[in-house]
J.: 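Below is the structure I would like to discuss, written out as structure tokens.
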Protein chains: 2
Amino acid sequence: MKKGAQTQKRDTYHHGDLRAQLIEATRQLVEEKGPDHFSVSEACRVAGVSTAAPYKHFKDKDEMLHAVAIQGMQRQQGQMIEELKPYQLGTLDRIIALGRVYTRFASQEPGVFRLMFGLSSDHDEVTELVETGTATFEIVQLEVAACRGSAEINEQDVHRSFQLWSFVHGLSFLAIDGKLNKAPMPFDMEFMLADVAQRVMAD
Amino acid sequence: MKKGAQTQKRDTYHHGDLRAQLIEATRQLVEEKGPDHFSVSEACRVAGVSTAAPYKHFKDKDEMLHAVAIQGMQRQQGQMIEELKPYQLGTLDRIIALGRVYTRFASQEPGVFRLMFGLSSDHDEVTELVETGTATFEIVQLEVAACRGSAEINEQDVHRSFQLWSFVHGLSFLAIDGKLNKAPMPFDMEFMLADVAQRVMAD
DNA sequence: TTGTCAAAGTAAGAACCTCTCACATATAAG
DNA sequence: CTTATATGTGAGAGGTTCTTACTTTGACAA
């Protein structure tokens with residue numbers, strides 16, 4: 001008889017890979033209850049360890065959340081690279097694909113997405129988070145330049161990339177906040193992405 | 001000798017206007033420490049009452065935060081109406097003005113802005129919040145229609161309004177998250193707003 | 001003027017929470 | 001086999017949210 005997926009039991013004193021399991025438990029709980037309303041002790045219960053255990057692996061609660069945010073950024077970036085594959089370099093479809101991944105990620109993992117951007121915890125100071133974010137934005141900029149037929153990013157490309165990022169970023173938040181379904185007409189995400197991509201990339 | 005703006009003293013047993021003062025204390029603290037890291041007891045210390053007092057006026061912590069979010073929405077809406085005044089009806093300048101208020105509000109009150117949108121607390125169920133938000137979006141839609149020279153909002157207007165909203169919403173978040181200053185060139189917010197407004201409103 | 005009631009405060013405490021400390025146990029390296 | 005180190009635990013200090021029973025006070029009817 002299993003005792004609820006809630007709590008893990010273990011026969012060894014040492015855990016094996018507590019750090020990874022705590023991150024996973026944190027991710028789950030953040031998704032379930034939201035980044036606010038997450039508690040370290042609950043993560044401990046899920047992982048089946050004492051409430052003191054996490055502090056061997058993380059400085060504090062915020063660092064646990066940071067770890068989940070970092071993994072989220074990496075997952076998001078991975079999905080982008082994957083999604084680009086079917087499309088030919090230099091096409092608008094690739095820009096649209098990046099936007100699709102962004103909004104889809106937010107919809108599928110709203111808790112983690114909020115963690116990545118919505119919290120006030122000083123993310124500036126988490127270098128790994130900043131670096132992953134910068135790398136992802138680099139991908140966008142390169143795609144925008146490629147649409148011009150260039151491999152070099154110029155000032156206009158940066159500008160357009162920020163416009164695209166702002167748009168999908170806001171769209172994602174509005175989506176997970178449930179603001180889009182209040183519209184009088186059905187909301188067509190794919191059309192919205194394509195329309196904006198075309199407008200921003202137009203001369 | 002004043003005893004630090006920290007704690008209010010009072011000679012009467014009854015407070016007078018505790019609800020309002022608690023909301024103000026909450027707003028201050030949310031701004032200072034961020035929506036996460038806000039504590040009811042600290043607000044009580046600021047207001048100079050026992051930690052049980054708030055529960056005569058609010059169901060729980062979340063309801064206090066909701067109250068601040070609602071006031072934020074109302075303040076934002078007020079600023080929009082004010083900012084529109086100098087500009088002639090039906091001009092792009094009015095669209096730009098709305099965007100300017102949105103991003104400016106976020107920059108000036110990032111804590112409250114995050115509270116209004118960034119938290120997972122079920123804002124759907126706070127009718128006053130939803131209603132104010134809807135009313136504000138109505139203003140945007142009317143301006144978009146007016147740009148077409150119409151007083152009626154059609155489907156395309158709704159569509160464009162969502163594009164504009166998404167954009168300024170995302171831009172605001174990126175701004176308060178400090179993502180915009182990483183750019184290689186200086187970031188010109190006003191130009192960005194104007195450029196996007198023009199692109200979205202173009203035929 | 002006075003009696004009573006409801007509104008709005010308090011003190012105390014239950015049930016959480018984060019994080020620290022001293023201590024226990026297992027693993028890997030010599 | 002011994003020992004150092006990494007990784008776990010139990011206990012607890014001090015903070016938090018929220019409830020309960022009690023107190024104070026202002027308002028209003030008699």
Side-chain angles (χ1 to χ4, degrees), chain A residues 6-30 32-69 111 115 119-122 126, chain B residues 6-30 32-69 111 115 119-122 126:
Chain A
Q6 202 68 335
T7 314
Q8 306 246 354
K9 267 280 171 261
R10 103 199 96 91
D11 34 348
T12 52
Y13 182 88
H14 281 293
H15 189 285
D17 193 16
L18 182 55
R19 193 189 143 85
Q21 289 211 188
L22 277 175
I23 293 178
E24 174 53 21
T26 301
R27 194 197 57 74
Q28 259 177 238
L29 290 170
V30 160
E32 270 173 42
K33 329 230 170 182
D36 42 350
H37 305 121
F38 161 76
S39 90
V40 175
S41 25
E42 202 163 357
C44 290
R45 256 169 264 138
V46 172
V49 291
S50 76
T51 56
Y55 297 93
K56 295 291 176 187
H57 299 274
F58 304 94
K59 192 177 129 288
D60 56 15
K61 176 179 174 172
D62 275 344
E63 202 173 288
M64 291 178 68
L65 292 173
H66 288 330
V68 173
L115 204 57
L119 253 46
S120 59
S121 328
D122 262 336
V126 186
Chain B
Q6 201 68 336
T7 314
Q8 306 245 353
K9 266 278 170 268
R10 105 200 94 89
D11 32 347
T12 53
Y13 181 87
H14 281 293
H15 188 286
D17 193 16
L18 181 56
R19 192 189 144 84
Q21 290 211 189
L22 277 175
I23 292 177
E24 174 54 21
T26 301
R27 194 196 58 73
Q28 261 178 236
L29 290 170
V30 161
E32 271 174 40
K33 329 229 169 181
D36 38 353
H37 305 122
F38 161 77
S39 90
V40 174
S41 25
E42 202 162 358
C44 290
R45 257 170 262 140
V46 172
V49 292
S50 76
T51 57
Y55 297 93
K56 296 289 175 186
H57 300 274
F58 304 93
K59 189 177 130 290
D60 56 15
K61 177 179 175 174
D62 276 343
E63 201 173 288
M64 292 178 69
L65 292 172
H66 287 331
V68 173
L115 205 56
L119 254 46
S120 57
S121 328
D122 263 335
V126 186

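Note that these values count all heavy atoms, side chains included, but never hydrogens, waters or copies made by symmetry. Reminder, nothing fancy here: chain letters follow the sequence lines and each chain counts from 1.
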J.: Starting at CD of B/Gln28, measure out to NZ of B/Lys33 and round the result to the nearest 0.5 Å.
T.: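 B/Gln28 atom CD to B/Lys33 atom NZ measures 11.0 Å (nearest 0.5 Å).
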
J.: Starting the side chain at C-beta, find the nucleotide from C/dC19, D/dT20, D/dT17 nearest to B/Tyr55.
T.: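 Ranking C/dC19, D/dT20, D/dT17 by closest atom to the B/Tyr55 side chain puts D/dT17 first.
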
J.: Report the distance from atom CD of B/Gln21 to atom P of C/dA8, rounded to the nearest whole Å.
T.: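 After rounding, the reported distance stands at 14 Å.
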
J.: So, using salt bridge (Lys or Arg N to Asp or Glu O under 4.0 Å) as the criterion, who are the partners of B/Glu32 when residues are at least two apart?
T.: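 Result, salt bridge (Lys or Arg N to Asp or Glu O under 4.0 Å) vs B/Glu32: none returned.
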
J.: With side-chain contact (heavy atoms from CB on, under 4.5 Å) as the criterion, how do A/Thr26 and A/Leu65 come out once you've worked through the C-alpha distance, each side chain's angles and the decisive distance to 0.1 Å?
T.: CA-CA 7 Å; A/Thr26 301; A/Leu65 292 173; 3.9 Å; yes

J.: Take the protein atom CD of B/Glu63 and the nucleotide atom C1' of D/dC18, then report the distance between them rounded to whole Å.
T.: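 The distance from CD of B/Glu63 to C1' of D/dC18 comes to 13 Å, rounded to the nearest Å.
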
J.: Please determine, for the side chain of B/His57, which listed nucleotide (D/dT9, D/dT7, C/dA8) has the closest atom?
T.: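 So the side chain of B/His57 is nearest to C/dA8.
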
J.: How many Å lie between CG on B/Asp17 and P on C/dA7, as a whole number?
T.: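 Those two atoms, CG and P, are 17 Å apart.
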
J.: In whole angstrom, give the distance that lies between atom CG of B/Leu18 and atom P of C/dG9.
T.: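 B/Leu18 atom CG is separated from C/dG9 atom P by 5 Å.
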
J.: Check whether any side-chain heavy atom of A/Phe58 sits under 4.5 Å from a side-chain heavy atom of A/His66, and report yes or no.
T.: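 Heavy-atom side-chain distance check fails, nothing below 4.5 Å.
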
J.: In Å, rounded to the nearest 0.5 Å, how long is the span from CE of B/Met64 to CZ of B/Arg19?
T.: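 Between B/Met64 CE and B/Arg19 CZ, I get 9.5 Å after rounding to 0.5 Å.
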
J.: Could you give the CZ-to-P distance, from B/Arg45 to C/dT10, as a whole number of Å?
T.: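 These atoms are roughly 14 Å apart.
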
J.: Could you check which residues of residues 32-41 of chain B get a heavy atom under 4.0 Å from DNA chain C? Sort them by number, please.
T.: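 The stretch gives none, as no residue of it lies under 4.0 Å from the strand.
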
J.: Does C/dG9 have its OP1 or OP2 closer than 4.0 Å to a side-chain nitrogen or oxygen of B/Lys56?
T.: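 No, no such contact exists.
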
J.: Take the protein atom CG of B/Asp60 and the nucleotide atom C1' of C/dC16, then report the distance between them rounded to whole Å.
T.: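 From B/Asp60 CG to C/dC16 C1': 15 Å.
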
J.: Sub-3.5 Å donor-acceptor pair from the side chain of A/Gln21 to the main-chain atoms of A/Asp17, do we have one?
T.: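 No: the side chain of A/Gln21 does not pair with the backbone of A/Asp17.
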
J.: What pair of heavy atoms forms the shortest contact from A/Pro35 to A/Leu115, and how long is it?
T.: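 For A/Pro35 versus A/Leu115, the nearest heavy atoms are CB-CD1, 3.7 Å.
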
J.: If I take atom NZ in residue A/Lys61 and atom C1' in nucleotide C/dC19, what distance separates them, rounded to the nearest angstrom?
T.: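 Answer to the nearest Å: 12 Å.
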
J.: Are B/Arg19 and C/dG9 close enough that a side-chain N or O sits under 4.0 Å from OP1 or OP2?
T.: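 B/Arg19 to C/dG9 OP1/OP2: no side-chain N or O under 4.0 Å.
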
J.: Nearest whole angstrom, please: distance from the C1' of D/dT19 to the NZ of B/Lys59.
T.: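 In whole Å, D/dT19 C1' lies 14 Å from B/Lys59 NZ.
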
J.: Could you check which of C/dC17, D/dT9, C/dA11 has an atom nearest any side-chain atom of B/Ala52?
T.: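 That would be C/dA11.
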
